[in-house]
Amino acid sequence: MKILIADDHQLFREGLRHILTLYAEASHIVEASSFAEVIEAGERESGIDLALLDLTMSGGPWPECLGKLRHLLPSPAHIVIVW
């Protein structure tokens with residue numbers, strides 16, 4: 001399973017990564033700290049299954065970013081809003 005963690009707080013990303021690797025050992029974790037990095041990760045990484053997305057990051061309006069991300073991710077991928 002490939003998971004995208006998108007949050008502008010490094011400590012929060014590290015905590016999520018730690019928890020996810022404990023419970024999903026085969027996971028590949030991709031991180032982003034801004035909406036621009038989210039889009040770059042979506043374009044660069046194929047097969048993202050789950051995106052954990054903070055809506056209060058910098059780098060653009062979240063509705064636009066969310067729409068772009070939905071088009072970049074494969075059809076069965078899930079996007080979870082983390083606030």
Counting only heavy atoms not in Gln10, do more than 12 fall under 6.0 Å of its CD? no
Look at atom CZ of Arg44 and say whether more than 12 heavy atoms of other residues, nucleotides or ligands are closer to it than 6.0 Å. yes
Do Leu52 and Leu20 have side chains that approach each other closer than 4.5 Å (heavy atoms only, starting at C-beta)? yes
Heavy-atom side-chain proximity of Asp54 to Phe12 below 4.5 angstrom: no
What's the separation between atom CD1 in Ile29 and atom CD1 in Ile5, rounded to the nearest 0.5 Å? 4.5 Å
Given a cutoff of under 4.5 Å between side-chain heavy atoms of I, L, V, M, F, W and Y, with clusters grown through shared members, what are the other residues clustered with Leu4? Val30, Phe35, Val38, Ile48, Leu53, Leu55, Met57, Trp62, Leu66, Leu69, Leu73, Ile79, Ile81
Any donor-acceptor pair under 3.5 Å linking the side chain of Glu37 with the backbone of Ser33? yes
Just verifying a value: how many Å separate Arg13 CZ and Asp8 CG, rounded to the nearest 0.5 Å? 8.0 Å
Co-members of the apolar cluster containing Leu72 [side chain, <4.5 Å]: Ile39
Shortest non-hydrogen contact from Gly47 to Pro74? CA-CG, 4.2 Å
